[in-house]
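Sequence lines set the chain letters: A, B, ... in the order given, protein chains first and strands last, and positions in each chain run from 1. Just so it is clear, the structure is predicted and the values come from calculations on it, not from any experiment.
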Amino acid sequence: MKFNLKVWRQKNAKAQGKLVDYTIDNINADMSFLEMVDVLNDNLTRKGEDPIAFDHDCREGICGMCSMYISGRAHGPHHAATTCQLYMRSFKDGDTIYVEPFRAGAFPIIKDLVTDRSAFDRIIAKGGFVSVNTGQAQDANNLPVDKADAEKAMDAAACIGCGACVAACPNSAAMLFVSAKISQLALLPQGGPERNNRAINMVNQMDEEGFGNCTNIGACEAECPKEIKLTNIARMNREYLVASLINE
Amino acid sequence: MSELNSKIPEGPLANKWNNYKEHAKLVNPANKRKLEVIVVGTGLAGAAAAASLAELGYQVKAFCFQDSPRRAHSIAAQGGINAAKNYKNDGDSVFRLFYDTIKGGDFRAREANVYRLATESRNIIDQCVAQGVPFAREYGGLLDNRSFGGSQVSRTFYARGQTGQQLLLGAYGALERQIGLGNVKMYSRHEMVEVVTIEGKARGIIARNLITGQLERYFGHAVLLASGGYGNVFFLSTNAMGSNVTAAWKAHKKGAYFANPCYTQIHPTCIPVTGDYQSKLTLMSESLRNDGRVWVPKTKEDAKAIREGKKTAVDIKEEDRDYYLERKYPSFGNLCPRDIASRAAKEACDDGRGIVPSGLGVFLDFADAIKRLGVDVVKARYGELFPMYQNITNEDPLKTPMKIYPAVHYVMGGLWVDYELMTTVTGLYCLGGPRG
C-alpha cells in the first residue's frame, strides 16, 4: 500500500509549525498506524532528516500515551480505539492521511506530535484520590459497595487519560476526563469524606489550566477510546453544585 | 567481589517479618525530613513506594520516562491480584498463598521474602480498596474473588480485565496527592542513565531530560529502582516500547548483581509475528485455553498447504489434526501450565507443522466450544478478547481458528536483593520488576 501523509512538524513549543508532505510505499495492511510511522521515521533517519516525534508506549490501548489526530479524528477513524490500535487496512491504497497532535490551549505542543498533557496530572493532584496513607486502611470488606454502583464506578475508572476528549472538543473542555475521576470516587463510599472539596478543587484546577467549558456537544464521548459516558459530566455538575451550596 | 548476605531475620518462617519490623531502626520525624530518596519508575512498585515514603515524611524525587506517572506498564496487567484474605472460606491462608507462590516459582524463590509477600497481600487489598480501586463486587456488596491458575482456592481480586490499570491508577492517585502536597518532586520524561556512587554508596542518579536532551544530576541518600523487567532484551516481547531495562542494566554495570536472568516467562497465547516491521507482540488472555483447543495438522504436507494458502483449517479432517496438548498431557489437556504449552507449540513448529507463513504459529480452535455452548455463550465469555484479536488480525475467531504462538511476556529474574530489598550496591534498592 502507498500513502500520502501530511504530518504536523513543529521544532519546539515556540516555533511555528506546518504540515509537511511525505509519501510512504510498501506498507503492509496488517501494520499498525504507529508501525507505519516507525517505518517513515526509519526512512527519514536514513536520509539524515529529523524523525517525527510522537508519544507511544504500551501499544496495546491501555497506557493512554499515544495521541494522534488522524484525518480530523482523535485516534483516527475507529470508535473506541486508541491510535496504537489502528491498522493500515482501515485505509485505502493511495489515501491522503492528515496527522496532527492533540490540539488544545492547555496541551502545549512540545515537538511535532508530542504535547504536554501534564495539566491532567495537576488536576488529579487536586483531589483525584482518597486521602489514605499506606497502612491506614481498614479491612477491605468493611465497606460494602452496591454492585451496580461498583460497576458504574468501574465504567468511569476505565479512563486512560489520553486527552482525546479535549482534542475532540471544539471548546477544548476536559470535562469528560475530570468527571470520570469525580464520578468514580463519588459513586464509592471511600470517596465520601472528601467529596465536596474534591469537586470544587478539581474543577477549579481544570479552569485554571485553561480548559474550556462543556456545551453538550458530545464529541468527547464519541471519540473516547474507553467509551466514557457523558452522564459523568452531569454527575460532576451535580457534585460541583452541591459542593458549592454546602461551602457557601 | 561483593559478599552475598541475604540478611534473612532469625526465627521461624511465620515470625520473621514481625521480628524484623519490631527490631528495625526507627527514624525520627525531624530526621526523615532531612533524608532524600530517589525512586526511578512509577509503576505499581515505584508509585506505591514514592507515595508511602513521602507519607512517612521523607523527601522524595520520582522519575519516569513517560509523560505522566500514570502510564507505567503495570497498567497492562489484566487478570487480577492474589491475596490470602480467605473471604470465600475455602481454606485459604497466608501459608497456602506462600506455598502456592513458592511452588509457582519452581521452589527457587527466597522463602522469607515470599512469606512476607503472602502476609502483606492482605494489607495490599485493604489499601487498594481504601484508595477507591473499583474491584468486582458480589450482589451483597462484598468483594468478589475468582480462581486462577496454580491454586485450588479463589483468592484473586479483579477489576474486569483491567486490574493492573485500576491498581496503578490507585497508586498514581496516592502519588499525585503527595506531589500536590509538595512531598514528592516528580520528574516525568526523564530517563535514568547512571547510578552515582560516593565512597561505594549509591547517592544519586544521572538522568536524561527527554525534552531538552540534557543530562541532569540528582542527589539522594538512597536510590530505589522500580524500573521494570528486561523482557525487551528479546527482539519482540509483549512489553511496552519504553520498558528498555536501561536503569537495571546501568545498576548492574555499577556492581549490582543480577539473579536468575534465565527466568523468563514465555507466554503460550500471543498473536504470531506477521512481518519484520512488527514493533511488539500482543498477548491474548490465557483464559482462552479454557474453551479453545490447540492443534496443528498431523502431516507436514497439510501444514505446508495451509502456510501457502492452498488449504484452510476447515479442510483438515478431524482425524488429520494433532491436538498435541491433549495427546501429550491427557490429564491437563489444553490447560497445562504456560511453560509446557509454550514448549509444545515450539516443538510442533520445529517439526515443520506450523500453520502461519513464517512457520511459527499453531491453531487455537473454538469450533467445538461453539458447537457445545453456542456462539452467544462463547462470545459472552470472551467478550473483549475476540474483537481485539479481530482488530489486529482481521480474522473472526468465531469463524476461523485463532492463530497463536508463544512470546516473551514476563521476567522473574533481575537485580539480586537481600531481605531489605538492597542490591549488592550499598544504598541502591530494587523493587518490583527489575528485582531477581
Among [options], which residue forms the greatest number of heavy-atom pairs with chain B at distances under 4.5 Å?
| options | answer |
| --- | --- |
| A/Val130, A/Asp42, A/Val39 | A/Val130 |
| A/Gly191, A/Gly161, A/Ser32 | A/Gly161 |
| A/Leu188, A/Ile124, A/Asp146 | A/Ile124 |
| A/Gln138, A/Lys181, A/His56 | A/Gln138 |

Under the 3.5 angstrom rule, does the side chain of [X] hit a backbone N or O of [Y] as a donor-acceptor pair?
| X | Y | value |
| --- | --- | --- |
| A/Asp57 | B/Gly242 | yes |
| B/Glu176 | A/Arg122 | no |
| A/Glu35 | B/Gln278 | no |
| B/Arg71 | A/Gly64 | yes |

Can you tell me which portion of [X] sits under 4.5 Å from chain B's heavy atoms? Options are side chain, backbone, both or neither.
| X | answer |
| --- | --- |
| A/Arg59 | both |
| A/Gln85 | both |
| A/Leu185 | side chain |
| A/Asp38 | side chain |
| A/Asn141 | both |
| A/Leu187 | neither |

Chain A contact via [X] - side chain, backbone, both or neither, heavy atoms under 4.5 Å:
| X | result |
| --- | --- |
| B/Asn394 | both |
| B/Ser188 | neither |
| B/Gln165 | side chain |
| B/Gln166 | side chain |
| B/Ile211 | side chain |
| B/Leu56 | neither |

Item to check | Lys/Arg N to Asp/Glu carboxylate O, B/Arg189 vs A/Asp55, below 4.0 Å | outcome: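 Yes, B/Arg189 and A/Asp55 are salt-bridged.
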
[X] [atom1] to [Y] [atom2] distance, which is reported to the nearest 0.5 Å:
| X | Y | atom1 | atom2 | result |
| --- | --- | --- | --- | --- |
| A/Arg89 | B/Ile392 | CZ | CD1 | 8.5 Å |
| A/Asn133 | B/Gln127 | CG | CD | 8.0 Å |
| B/Met241 | A/Cys66 | CE | SG | 12.0 Å |
| B/Asp126 | A/Leu143 | CG | CG | 10.5 Å |
| B/Ser279 | A/Met31 | OG | CE | 9.0 Å |
| B/Asp67 | A/Cys63 | CG | SG | 8.5 Å |

Who among [options] has the most heavy-atom pairs with chain A under 4.5 Å?
| options | value |
| --- | --- |
| B/Gln66, B/Glu138, B/Arg122, B/Arg160 | B/Arg160 |
| B/Leu168, B/Val133, B/Leu143 | B/Leu143 |
| B/Gln131, B/His73, B/Gln162, B/Arg70 | B/Arg70 |
| B/Gly141, B/Ala51, B/Ala76, B/Gly140 | B/Gly141 |

For atom [atom1] of [X], decide whether the heavy atoms of other residues, nucleotides or ligands shown that lie under 6.0 angstrom number more than 12.
| X | atom1 | value |
| --- | --- | --- |
| A/Lys14 | NZ | no |
| B/Asp276 | CG | no |
| A/Lys226 | NZ | yes |

Item to check | Stepwise side chain to side chain contact (heavy atoms under 4.5 Å, CB included) test for A/Ile27 and B/Tyr277 | outcome: CA-CA 9 Å; A/Ile27 292 298; B/Tyr277 51 81; over 6 Å; no

Item to check | Any B/Tyr172 side-chain heavy atom under 4.5 Å of A/Asp121 side chain | outcome: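 In short, these two side chains touch, coming nearer than 4.5 Å.
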
Checklist entry - Below 4.5 Å, heavy atoms only, C-beta onward: do A/Arg117 and B/Ser68 meet side chain to side chain? => result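 Counting from C-beta outward, A/Arg117 and B/Ser68 never come under 4.5 Å.
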
Are a donor atom and an acceptor atom from the side chains of [X] and [Y] found within less than 3.5 Å of each other?
| X | Y | value |
| --- | --- | --- |
| A/Asp139 | B/Tyr87 | yes |
| A/Ser131 | B/Arg177 | yes |
| A/Glu60 | B/Thr282 | no |

Item to check | Contact listing (chain B partner; residues 147-158 of chain A; heavy atom under 4.5 Å) | outcome: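 Within residues 147-158 of chain A, the residues that come under 4.5 Å of chain B (heavy atoms only) are A/Lys147, A/Ala150, A/Glu151, A/Ala153, A/Met154, A/Asp155, A/Ala157, A/Ala158.
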
